[in-house]
Amino acid sequence: MAGKLEVVEQDENIQASPIDRSESAAPPAFSNEPYGPAGLRGLFSNYYVFLCAACSTLGGISFGYDQGVVSVILVMPQFLDRFERIDETSSGSGFWKGLMTAMIELGALIGALNQGWIADKISRRYSIVVAVMVFLVGAILQTAAVDYAMLTIARMIGGAGIGMLSMVAPLYISEISPPETRGALLVLEEFCIVVGIVIAFWITYGTRYIGGEWSWRLPFLLQMIPSFTLLIGIIYLPFSPRWLASKDRNQEALASLSRLRQLPPTDKRIRREYVDILAEVEFSKSVSIERHPKLQDHSKQSGFLLELNSWLDCFKQNYWRRTHVGVLLMFFQQFVGINALIYYSPTLFATMGLNYDMQLIMSGILNITQLIGVVTSFWTMDRFGRRALLLWGSLVMTASHIVIAVLVGLYDNDWPSHRTQGWISVAFLLIYMVSFGASWGPVPWAMPSEIFPSSLRAKGVALSTCSNWFNNFIIGLITPPLVQNTGYGAYVFFAVFSLLSFAWTFFFVPETNGFMLEQMDHVFKDNSAQQDAARKQAIEADLIRKLNYSEKSLP
């Protein structure tokens, strides 16, 4: 690798200007000067990264759009006339409704699992193109569906594309973002998901007045618009500098980093981040050689076995804590009840005594309150950190579920005589949505793409995203019979998991706010072995020496 590095004069101050991290100060070898202000203000100091991140998250609109469409379509008479199997008057309708709804999550699980190696192989940028094409096939088939089987299969195919997009967008954003604004930029994924939910809900709310099947076919057709927009935008997206460095395309990585930061390659901060990236890549390669010395001959068989072992490495001693955090963040994101409320909000509002029109209107308002919560996280994610948001979010969600469970349990049999209690239940459901949108909505999408080393980042994010979709699939499958058969028990169920999410976060989730991706060893204390820590610092020192950075070459 050294032969590809550019030589200039030495800069003895390469470690100057450390970021203040109080008790969690990073080792001196990783100290870096920020590119600009943190959080929301920082987004406007580098518009180019913001535009790249916003473009890559357009796939999130497709995911959210599907959720918003389904919540109204499931109770639309024109839709039920075509797909009688999910009508409440049909035998086993709860199961068939849950299966049809959950197939998109099953497809997304398959898509996210495969996107890890695709993103490593052909780049984060080109893997977005593959994902969009898969999604478009599913969207076309959903629009043209003529029976239950065709619609269910189409949703699985579309789900595969959504799963691929949901995995690669946070991965790409985390690799192009400066550390002080990475949290705010990663919020874009959840923001786009919720925007998609809101747009789709109100579009479908309007199309339900159309006579005939276009009342539900048109919303399915319109979900292709963000995907076509993303295909156009991908032309202008740069390659991830960290992916380029992992392929030994070092000069391209430096050029991409300079373009993303809108600074010349000679800028101190660019060179420091460049050294960090190269050191992390070199360290990961040396670890791979040490762990799998017999698989370094570049043959197809060795390549396959090395790929397989790289998945297994996510569960080994140095990285199992990161995998555990990534997977369980997504587990709790689903089991605190969010998608159950989105998919089946009209049904849940019916349990609170609201009539049909009010059920739909309140479902739309419910989605808007979630969007309000997400918007606050653009500021709070990098201001207060990920861990604090999770803890407070868990407490508020737990309290909301408990209040709703008590009121539904007491007054479910006679809501007309207890309208005040019914609206109190609705109010706490809205409070829940705001708190989720501000905490457990964006953070689980942000953290997994931050915590893994470059060599395992695609696999680690894929595992985390697969956890999201697998648990999403379970929730989509069990919620209809849970609501039908237990009433207030559904809220008790989600309250228990909201409380468990608080306890788990308190004991196991570290704070990643403000740290560069290459500093996560220190955050997770995975480099506690002195040999690994010393080797990584030696690699960085060797790179600095070979690059020979100097004060005179800097502006």
Side-chain angles (χ1 to χ4, degrees), residues 40 54 57-76 101 184 187-209 219 222-223 225-226 333-334 336-381 389 392-393 396-397 399-401 403-404 422-445 472 475 479 491 494 498:
L40 192 58
T57 56
L58 284 174
I61 293 180
S62 300
F63 167 37
Y65 189 99
D66 180 85
Q67 290 181 306
V69 163
V70 167
S71 66
V72 177
I73 282 180
L74 286 176
V75 295
M76 191 180 289
T101 303
V187 171
L188 285 172
E189 175 72 10
E190 177 68 9
F191 177 77
C192 285
I193 290 173
V194 181
V195 166
I197 293 171
V198 172
I199 292 173
F201 181 90
W202 290 108
I203 285 177
T204 314
Y205 183 82
T207 62
R208 71 193 179 101
Y209 294 105
L222 293 176
Q223 69 181 324
I225 294 176
Q333 187 192 57
Q334 297 308 311
V336 296
I338 182 59
N339 280 336
L341 299 181
I342 293 173
Y343 288 139
Y344 307 110
S345 54
T347 303
L348 291 171
F349 280 123
T351 67
M352 297 175 180
L354 303 186
N355 61 37
Y356 176 69
D357 285 335
M358 189 56 69
Q359 290 168 26
L360 294 182
I361 291 172
M362 289 308 303
S363 295
I365 294 174
L366 195 71
N367 295 327
I368 292 173
T369 58
Q370 186 186 0
L371 181 61
I372 293 171
V374 173
V375 169
T376 66
S377 63
F378 278 108
W379 176 67
T380 58
M381 182 83 80
L389 294 185
W392 281 106
V396 176
M397 289 188 299
S400 299
H401 278 312
V403 171
I404 295 170
W423 283 108
I424 291 174
S425 300
V426 171
F428 273 94
L429 202 53
L430 297 177
I431 291 171
Y432 166 90
M433 291 300 284
V434 172
S435 62
F436 177 89
S439 58
W440 281 90
V443 174
W445 287 110
N472 204 331
I475 289 296
T479 298
Y491 301 103
F494 295 129
S498 296

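Annotation: ring-ring contact (aromatic ring centres under 6.0 Å, His included) contacts of W202 (sequence neighbours excluded): Y205. Residues forming a side-chain contact (heavy atoms from CB on, under 4.5 Å) with L58 (at least two apart in sequence, or on another chain): I61, T229, L230. Residues forming a side-chain hydrogen bond (donor to acceptor under 3.5 Å, both in side chains) with E189 (at least two apart in sequence, or on another chain): none. When the side-chain contact (heavy atoms from CB on, under 4.5 Å) test is applied to T380, the partners found at least two apart in sequence or on another chain are S377, F384, L389. The ring-ring contact (aromatic ring centres under 6.0 Å, His included) check on F191 picks up F378, with sequence neighbours excluded. In this structure, the side-chain contact (heavy atoms from CB on, under 4.5 Å) partners of A438, at least two apart in sequence or on a different chain, are T376. For I197, the side-chain contact (heavy atoms from CB on, under 4.5 Å) partners are Q67, I193, I342, N367, Q370, not counting sequence neighbours.
Using a 4.5 Å heavy-atom threshold, the side chains of W445 and Q333 count as touching. At a threshold of 4.5 Å between non-hydrogen side-chain atoms, the residues V194 and F436 do not count as touching. Within the 4.5 Å cutoff, side-chain heavy atoms of L430 are placed close to those of M362. Within the 4.5 Å cutoff, the side chain of I203 has heavy atoms near those of the Y65 side chain. Inter-residue side-chain proximity for I338 and W440 is flagged as unmet; no heavy-atom pair is nearer than 4.5 Å.
One finds the OG1 atom of T204 at 5.5 Å from the CD1 atom of I73 (value rounded to the nearest 0.5 Å). I475 CD1 to F494 CZ: the interatomic distance, rounded to the nearest 0.5 Å, is 4.5 Å.
The two atoms that bring T369 and L366 nearest to each other are OG1-O, 2.5 Å, heavy atoms only. Smallest separation of non-hydrogen atoms from S439 and G393: OG-CA, 3.3 Å. For I431 against V396, the heavy-atom pair with the smallest separation is CG2-CG1, 3.8 Å. The minimum heavy-atom distance between P442 and G437, with the atom names listed, is CD-O, 3.2 Å.
Pairs passing the side-chain hydrogen bond (donor to acceptor under 3.5 Å, both in side chains) check and including a residue from residues 427-437, sequence neighbours excluded, do not occur.
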